[in-house]
A.B. asks: 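Quick one: this structure, given as structure tokens, is what I'll be asking you about.
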There are 2 protein chains.
Amino acid sequence: MTLTAKGRATRDRIVDGAATFLRENELGDITLDDVRAVTNTSKSQLFHYFPGGKEDLLLAVMHHEADRVLSDQQPYLGTLDDWPAWNRWRDAVIARYRAQGAHCPLNSLIGQVGTTPGADEVVRALLSQWQGLVATGIRSMQDAGLMRTDLPAERLAGALVAGIQGGVVIMWSTGTTDHLEAVLDALFDYLRA
Amino acid sequence: MTLTAKGRATRDRIVDGAATFLRENELGDITLDDVRAVTNTSKSQLFHYFPGGKEDLLLAVMHHEADRVLSDQQPYLGTLDDWPAWNRWRDAVIARYRAQGAHCPLNSLIGQVGTTPGADEVVRALLSQWQGLVATGIRSMQDAGLMRTDLPAERLAGALVAGIQGGVVIMWSTGTTDHLEAVLDALFDYLRA
DNA sequence: GCATTTCTGGACTTGTGAGTCCAGAAATGG
DNA sequence: CCATTTCTGGACTCACAAGTCCAGAAATGC
């Protein structure tokens with residue numbers, strides 16, 4: 001499918017609109033009519049740009065949101081080479097999720113694309129990229145003698161990502177970042193030791 | 001609504017059946033017809049026992065599953081008073097989630113009951129009970145001089161629960177307990193220090 | 001054993017939302 | 001400028017699933 005400039009713009013408008021809608025509505029589900037309404041498009045346009053229908057569209061939105069997760073942590077996540085940088089990253093993560101509130105677009109999406117093979121692949125890719133960036137940061141700290149070297153960076157990065165993930169999930173129901181902060185503090189302290 | 005013995009049995013059969021269905025089907029959603037089929041009941045029975053309809057029923061299933069989460073960790077979770085006990089608990093948690101596979105009934109339920117006020121309350125209650133039990137374990141370890149005493153038990157317990165939660169969430173997409181094990185090992189090690 | 005309540009079966013209504021279709025407008029390229 | 005492709009609007013079909021309703025069976029209690 002070759003898109004003209006206009007076509008690309010419309011397609012982007014659809015994905016952006018759907019993503020925004022999901023971010024602004026606590027309501028976990030979204031219908032094609034919602035997307036239509038919020039993006040000023042018609043049914044045929046939706047199916048023109050996403051032949052696979054709803055699933056296809058939501059998968060595109062997932063990619064879009066997955067990218068946001070990492071870009072929202074930049075530039076901190078990319079330059080974890082001394083302790084102040086780590087602390088800035090920590091604060092950015094907490095601030096990002098606090099701002100997002102007790103609502104996660106990606107989770108809503110997983111609930112709806114659920115069984116689709118592409119869905120968990122997007123999440124898997126996101127996690128592994130995330131973990132990779134953290135691991136790189138850990139290694140550079142270890143090389144500089146600023147972090148304990150008796151543990152594999154990749155595994156520590158996995159623990160950190162899991163901790164953040166858990167803190168965020170808990171925030172969905174508690175509404176506070178307490179758990180997120182607790183687990184980050186504990187793990188940072190552990191790395192410092 | 002007063003239930004006869006027969007009535008209570010039917011009601012239980014419905015909740016049990018729905019819970020089992022959710023546990024056995026990767027598919028995230030469930031319809032009343034699914035419940036009907038798997039429990040040998042009729043529409044009118046479903047609405048007789050759950051006047052609020054589907055939401056009402058799913059909320060009951062949520063309670064049911066939330067109870068399981070904690071009871072599956074017993075008796076270990078209730079007797080965290082020396083390191084071997086903590087390790088047994090750790091193994092039980094990992095084994096439980098490994099057995100459950102990349103699928104979490106509670107998550108499917110949250111996706112479907114979503115906005116209902118009762119839903120996140122169930123989750124919140126579960127988390128706070130869980131955290132409380134862990135905190136009790138930590139305090140008894142601290143009192144016995146087996147765990148560092150320079151940190152508040154409640155907050156450490158929060159970090160642990162968040163870590164487990166995150167590990168489990170990640171398992172949904174990766175299928176492995178690697179992250180769960182990594183974060184548990186890190187935090188245990190941290191507590192030991 | 002009779003009246004009353006609880007329980008059960010299943011047909012029916014209704015709303016909703018995904019996906020189809022086609023006719024026509026706008027852009028593109030030679 | 002003309003042929004061809006891409007883009008758009010909206011009416012339509014169709015399936016599915018929630019919830020309603022009522023008549024009759026089974027249990028309960030006095």
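Lettering of chains follows the sequences in order, A, B, ..., and the numbering in each one begins at 1.
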A.B. asks: Output yes when at least one side-chain N/O atom of B:Lys43 is less than 4.0 Å from OP1 or OP2 of C:dG10, else no.
C.D. replies: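 Looking at the OP1 and OP2 atoms of C:dG10, neither is under 4.0 Å from any side-chain N or O of B:Lys43.
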
A.B. asks: Go along nucleotides 22-30 of chain C 5' to 3' and tag each nucleotide: B for a protein heavy atom under 4.0 Å from its base, S when only backbone or sugar atoms are that close, - otherwise.
C.D. replies: ----S----

A.B. asks: I need the NZ-C1' distance between A:Lys54 and C:dT20, as an integer number of Å.
C.D. replies: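 Between C1' of C:dT20 and NZ of A:Lys54: 17 Å.
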
A.B. asks: Counting side-chain heavy atoms from CB outward, which of C:dG9, C:dT6, D:dA17 is closest to B:Gln45?
C.D. replies: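 Nearest listed nucleotide: C:dG9.
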
A.B. asks: Are A:Ser71 and A:Gln74 close enough that a side-chain donor and a side-chain acceptor fall under 3.5 Å?
C.D. replies: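 Result is no, nothing qualifies.
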
A.B. asks: Just the rounded figure in Å: distance from P of C:dT13 to CG of B:Leu32.
C.D. replies: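 The distance from CG of B:Leu32 to P of C:dT13 comes to 20 Å, rounded to the nearest Å.
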
A.B. asks: Measure CG/A:Asp12 against P/D:dC7 and give the value in whole Å, please.
C.D. replies: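 My rounded result for the distance is 12 Å.
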
A.B. asks: Does OP1 or OP2 of D:dT6 have a side-chain N or O of A:Thr2 closer than 4.0 Å?
C.D. replies: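 It does, given that an N or O in the side chain of A:Thr2 lies less than 4.0 Å from OP1 or OP2 of D:dT6.
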
A.B. asks: Mark yes or no: A:Arg148 above the aromatic ring of A:Tyr190, with NZ or CZ under 6.0 Å from the six-membered ring centre and no more than 45 degrees from the axis.
C.D. replies: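 Verdict for A:Tyr190: a cation-pi partner in A:Arg148.
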
A.B. asks: Taking atom P of D:dA27 as reference, at what distance in whole Å does atom CZ of B:Arg8 sit?
C.D. replies: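 After rounding, the reported distance stands at 15 Å.
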
A.B. asks: Expressed in angstrom and rounded to an integer, what is the separation of B:Leu3 atom CG from D:dA27 atom P?
C.D. replies: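 These atoms are roughly 15 Å apart.
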
A.B. asks: Under 3.5 Å, is there a donor-acceptor pair linking the side chains of A:Asn25 and A:His103?
C.D. replies: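 No donor-acceptor contact under 3.5 Å links the two side chains.
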
A.B. asks: Does the side chain of A:Arg13 come under 3.5 Å of the side chain of A:Thr39 through a donor N or O and an acceptor N or O?
C.D. replies: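 Not at all, the side chains of A:Arg13 and A:Thr39 share no donor-acceptor pair under 3.5 Å.
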
A.B. asks: Quick one: on DNA chain C, does A:Ile30 or B:Thr10 contact a more 5' nucleotide (nearest heavy atom)?
C.D. replies: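 Checking each residue's closest nucleotide, the 5'-ward one belongs to B:Thr10.
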
A.B. asks: How close or far is atom C1' of D:dG19 from atom CG of B:Leu57, stated in whole angstroms?
C.D. replies: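 Answer to the nearest Å: 13 Å.
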
A.B. asks: Can you spot which of B:Asp33, B:Asp29, B:Asp34 makes a side chain to side chain donor-acceptor pair (under 3.5 Å) with B:Thr31?
C.D. replies: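 Output: one option passes, namely B:Asp34.
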
A.B. asks: C:dG19 P sits how many Å from A:Arg36 CZ, rounded?
C.D. replies: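 Rounded to the whole Å, the gap is 15 Å.
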
A.B. asks: By nearest atom, which of the nucleotides C:dA18, C:dT8, D:dT8 is closest to the B:Tyr49 side chain?
C.D. replies: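 Selected nucleotide (nearest to the side chain): C:dT8.
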
A.B. asks: Salt bridge (charged side-chain N to carboxylate O under 4.0 Å, His left out) with B:Asp189: which residues, sequence neighbours excluded?
C.D. replies: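 If we apply the salt bridge (charged side-chain N to carboxylate O under 4.0 Å, His left out) test to B:Asp189, skipping adjacent residues, the hits are B:Arg192.
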
A.B. asks: Kindly point out which of D:dA18, C:dG10, C:dA18 is positioned nearest to the side chain of A:Phe47?
C.D. replies: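 From the listed options, C:dA18 comes nearest.
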
A.B. asks: Could you state the CG-P distance from A:Leu46 to D:dT6, rounded to the nearest angstrom?
C.D. replies: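 Interatomic distance, CG of A:Leu46 to P of D:dT6: 19 Å.
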
A.B. asks: If you look only at pairs with a residue in residues 110-122 of chain B, which of them pass as a salt bridge (Lys or Arg N to Asp or Glu O under 4.0 Å), with sequence neighbours excluded?
C.D. replies: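 Every salt bridge (Lys or Arg N to Asp or Glu O under 4.0 Å) pair that includes a residue of residues 110-122 of chain B, provided the two are not neighbours, is B:Asp120-B:Arg124.
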
